[in-house]
Amino acid sequence: MDGASITARLNRIGIKARAGRNTALMELAGELPAVVLSGLLGIHINTATLWAQEAGNICPGYAAEVARRELRKNR
């Protein structure tokens with residue numbers, strides 16, 4: 001059975017599969033670094049970064065700040 005068939009069956013019995021999928025993806029984006037999310041789901045890094053930002057994930061900003069501090073320290 002393909003994804004569209006499963007989605008149609010779930011929708012008929014009142015389970016909105018897309019809402020659950022989106023919630024699960026946003027939860028992952030909030031917990032994983034964007035690069036891990038990108039590799040795990042096979043999505044572009046820019047998309048993963050946007051999802052992470054939308055989910056309030058501070059990992060991308062934190063990693064960038066650590067890299068900037070290291071550059072300043074090594075000058």
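Heavy atoms only: backbone and side chains are in, while hydrogens, waters and symmetry mates are out.
Qualifying side-chain hydrogen bond (donor to acceptor under 3.5 Å, both in side chains) partners for Asp2, counting only residues two or more places apart in sequence or in other chains: Ser5.
Within the model, atoms CE of Met26 and CD of Glu31 stand 12.5 Å from one another, a figure rounded to the nearest 0.5 Å. Residue Thr7 holds its OG1 atom at 11.0 Å from NZ of Lys16, rounded to the nearest 0.5 Å. Rounded to the nearest 0.5 Å, atoms CD1 (Ile45) and CG (Leu50) are 10.0 Å apart. The line from CG of Leu28 to CG of Asn57 is 11.0 Å long, rounded to the nearest 0.5 Å. Atom OG1 of Thr49 sits about 13.0 Å away from atom CD of Glu54, to the nearest 0.5 Å.
Closest heavy-atom contact between Asn11 and Ala17: OD1-N, 3.8 Å. Taking each heavy atom of Ile43 and Leu37 in turn, the nearest pair found is CG1-O, 4.2 Å. Considering every non-hydrogen atom in both Ala29 and Ala55, the closest pair reads C-CB, 3.9 Å.
The backbone N or O of Ala34 sits nowhere less than 3.5 Å from a side-chain atom of Ser38 that would complete a donor-acceptor pair.
Leu41 places a side-chain heavy atom less than 4.5 Å from the side chain of Leu25.
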